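Heavy-atom basis, side chains included; hydrogens, waters and symmetry copies ignored. First listed ligand is number 1; within each ligand, the first listed atom is number 1. Not measured: the values here are computed from a predicted model.
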Amino acid sequence: MNNSEQVSESATLRLQRIFGFSTFRANQEEIVQAILAGRDIFAVMPTGGGKSLCYQLPASMMKGTCLVVSPLISLMKDQVDAANAFGMQAGLLNSTLSATQQHEVLARLQEGDYDLLYLSPERLATAGFFERLRRAPLSFVAVDEAHCISEWGHDFRPDYLALANLKQELPGVPITAFTATATQRVQEDIVRRLGLRQPLKTRASFDRPNLFYQVQPREQVNSQIEAVVVAHPDEAGIVYRLSRADVEKTAAWLQKRGVKALPYHAGLDKQTRGRNQEAFNRDEVQVVVATVAFGMGIDKSNVRFVIHGDLPKSMEGYYQETGRAGRDGEPALCLLLYSRGDYFRLRPFIDQLPDERERQLGQAQLSRMMALAEQPICRRRAILHYFDEEYGLDNCGACDVCVHGVQSINATIEAQMVMSAIYRSGQRFGAGHIVDIVYGARTARISTLGHDQLKTYGVGRDRGKRFWRQFIDGMLAQGLLKSEGDPYPMLQITAAGEEVLFGRAEFVSHQMLEETGTRSDEPSYDEQLFALLKKKRREMAEEAGVPPYVLFSDKSLHQMCNLFPQTPAALLAINGVGQVKCERYGRPFLEIIAMYAAENPEACARQTAKIQDTTPPPARKQTSGPTMDETLRLAETGMDVEAIAVERQLQPSTIASHIGELLQQGKGLDVDHYVDPAVRDEMTELFRVHGLSRLKPIVEGMEGRAGYQQAHIVRGFLLSQGWKMEAEENAGHQD
Ligand code: ADP
Ligand code: ZN
């Protein structure tokens with residue numbers, strides 16, 4: 001290569017002109033320069049890190065064709081479409097083409113017509129193919145998803161083994177390999193099998209700063225999933241479930257509630273799977289509910305949320321699956337619904353592994369995953385730590401632990417309460433029943449077993465059931481309890497637990513704090529305009545027969561809805577808009593923006609003012625605003641106050657006041673669902689004495705057996721029964 005200064009400059013210019021990006025991302029420039037210098041490359045980059053640009057950009061600058069080996073035929077057309085949309089010359093060669101078409105492609109390859117030619121790996125194994133390739137002008141080979149060559153990887157494909165001959169068959173053609181696999185063993189395997197010669201090895205950080213990680217206790221899984229879907233109207237998401245049956249159930253649940261959702265699992269025939277995936281890819285359905293069989297073929301950049309309805313088996317799996325969210329770099333949510341019981345559902349998968357070592361590994365992986373879900377440690381830090389990467393910041397600002405904060409409290413007494421309930425009931429019951437004892441629930445099982453006679457019955461009534469559930473998880477995580485028995489796990493006290501039970505040691509519990517104050521849930525772009533542009537994008541994509549994100553990414557559209565570009569020059573300044581895209585697709589978007597800006601001058605001014613405000617935009621979008629309707633909708637699914645509070649990221653007291661208000665309005669909620677009838681009776685007596693206008697005397701009168709939350713609810717109920725507030729001037733809420 002000649003003067004590298006010059007090359008560097010022209011690569012940067014090309015980055016702007018063709019791809020519309022102003023700067024390289026981490027590692028991209030180094031890789032591009034090394035490819036231009038003719039080196040072999042081994043690059044590890046997380047999903048969404050921008051791998052394709054690394055080979056597309058030099059391919060556009062070098063003589064000859066870059067062969068791109070890509071594992072999925074279904075994806076190839078989209079990749080080719082995407083490259084062509086940037087104005088590159090890209091083609092594909094796979095079994096979907098007729099013999100004549102294949103001939104044509106090969107003839108064009110010979111002529112050096114392509115910048116990029118996408119191939120399936122089995123193509124390389126066909127007789128005489130290397131012979132042909134040797135006669136064609138080639139710049140280099142790019143092996144995408146290179147981990148498919150490793151039997152140690154999760155996506156091993158025998159077809160990929162043909163790539164082991166590349167070096168010998170095409171001597172002198174540099175090989176570049178790209179993967180998002182994080183495991184060391186697989187990485188070494190790839191380099192060895194491909195026979196890379198002194199490759200440039202790079203590894204980008206696995207941090208995905210635009211992903212928000214959150215873990216919620218699983219209660220009513222489908223309602224919890226639905227709530228997220230509803231909070232992201234018109235935004236694409238993937239829901240992972242462990243079993244095919246659950247995939248079907250969740251998909252049906254969402255469909256019944258009017259969500260456009262489709263299932264995907266290996267039990268469906270190939271055609272149906274292909275159809276469902278395509279519908280998702282093209283924004284025709286909002287949600288795919290799937291087993292882990294789904295994902296490799298997904299290049300969709302605008303997935304805004306990934307929900308795990310069950311615990312994944314390993315951190316690798318979790319990272320890959322959540323990694324499918326937010327490839328475009330825009331905020332996206334990764335929610336894990338966790339229940340400790342998942343352990344017992346996953347254990348059989350591990351137990352059936354033939355090899356003892358593999359079983360141990362499986363067990364260790366599962367434990368790491370449980371630790372992620374249970375420990376109040378920054379989720380991002382925990383994930384990166386697993387991949388041997390130390391996260392530099394104390395607070396990542398984009399996981400539930402960091403956003404809510406963690407409080408460590410001496411909870412020895414609470415732990416003793418729980419253990420006493422376990423002990424007195426004979427160490428024969430699971431967490432659910434123990435919670436019922438401590439909380440003092442009135443279930444048939446409690447009365448049949450006479451557990452309402454236990455000394456510990458109801459001692460923890462002032463905390464919600466949910467609190468106790470999580471508290472027990474914390475005790476399990478810290479080894480005070482163990483949960484044993486199959487299929488019905490029973491809680492038992494460990495030696496460490498006994499130390500605490502008998503007062504010889506203390507128990508410090510780490511609890512996630514509830515969020516204080518509400519965050520702004522306003523997106524940083526004009527949503528109305530976004531909807532218009534998105535509609536246009538879909539129409540145009542349909543016409544062109546490509547997925548919508550190929551035209552402009554969500555990120556590009558968001559920026560348009562921020563900056564209101566109204567000339568081609570202004571449009572070129574938008575991230576992801578290069579010359580060709582601007583010329584080919586820009587006009588209709590500019591027209592819509594101009595019209596919208598004329599009709600809504602105040603929206604335009606508002607956005608401009610916002611941009612001039614130097615504070616950076618919020619890192620992510622929150623779920624919808626504090627409306628009563630939303631609370632009602634969640635309440636109707638049977639969620640309790642705490643669950644709704646977590647879901648809505650509001651204070652439980654706020655939700656309780658909503659419930660009170662809704663009861664008063666006669667919205668058909670059942671007061672008994674929220675407040676124990678005995679508590680309600682006691683409170684009713686107190687309200688009779690003190691009146692309805694002030695809650696404080698009621699709560700004080702309850703002497704810790706109930707709090708403001710219950711008071712709000714009971715008051716709402718009494719108002720619905722025709723009780724009246726007396727002194728209006730004192731009627732303000734007390735808490
Ligand atoms: P990967 O294949 O690594 O998952 P992609 O190549 O699909 O990732 O890139 C992910 C997204 O990042 C795409 O929307 C792409 O346009 C965008 N992107 C890539 N490089 C840059 C860059 N330098 N600046 C801004 N966006 C980029
Ligand atoms: Zn964090």
> Please walk me through it: do Arg185 and Asp189 pass salt bridge (charged side-chain N to carboxylate O under 4.0 Å, His left out)?
Replying inline: CA-CA 6 Å; Arg185 178 154 82 158; Asp189 210 25; over 6 Å; no

> Angle subtended at the Zn ion (ligand 2) by SG of Cys378 and SG of Cys396, to 10 degrees?
Replying inline: 110°

Which pairs of nitrogen or oxygen atoms, taken one from ligand 1 and one from the protein, are under 3.5 angstrom apart?
| unit_1 | atom_1 | unit_2 | atom_2 | d |
| --- | --- | --- | --- | --- |
| ligand 1 | 3 (O) | Gly49 | N | 3.4 |
| ligand 1 | 3 (O) | Gly50 | N | 3.1 |
| ligand 1 | 3 (O) | Lys51 | N | 2.9 |
| ligand 1 | 3 (O) | Lys51 | NZ | 3.1 |
| ligand 1 | 4 (O) | Gly48 | N | 2.6 |
| ligand 1 | 4 (O) | Arg327 | NH1 | 3.1 |
| ligand 1 | 6 (O) | Lys51 | N | 3.4 |
| ligand 1 | 6 (O) | Ser52 | N | 3.1 |
| ligand 1 | 6 (O) | Ser52 | OG | 2.3 |
| ligand 1 | 8 (O) | Gly50 | N | 3.3 |
| ligand 1 | 12 (O) | Arg25 | NH1 | 3.1 |
| ligand 1 | 12 (O) | Arg25 | NH2 | 3.1 |
| ligand 1 | 20 (N) | Gln28 | NE2 | 2.9 |
| ligand 1 | 23 (N) | Thr23 | O | 2.9 |
| ligand 1 | 23 (N) | Gln28 | OE1 | 3.0 |
| ligand 1 | 26 (N) | Arg25 | NH2 | 3.2 |

> Does the side chain of Phe564 come within less than 4.5 Å of Asp526's, by heavy atoms?
Replying inline: yes

>> Within 45 degrees of the ring normal and closer than 6.0 Å to the centroid, is that where the cationic atom of Lys536 sits relative to Phe589?
In response: no

>> So, using side chain to side chain donor-acceptor pair (under 3.5 Å) as the criterion, who are the partners of Asn276 when residues are at least two apart?
In response: none

>> Checking Glu145 against Lys51 for the salt bridge (charged side-chain N to carboxylate O under 4.0 Å, His left out) test, could you report, in this order, the C-alpha distance in whole Å, the side-chain angles of both residues, the deciding distance, and whether it holds?
In response: CA-CA 10 Å; Glu145 314 283 0; Lys51 281 186 282 292; over 6 Å; no

>> Against the six-membered ring of Tyr549, is Lys300 placed for a cation-pi contact (under 6.0 Å from the centre, within 45° of the normal)?
In response: no

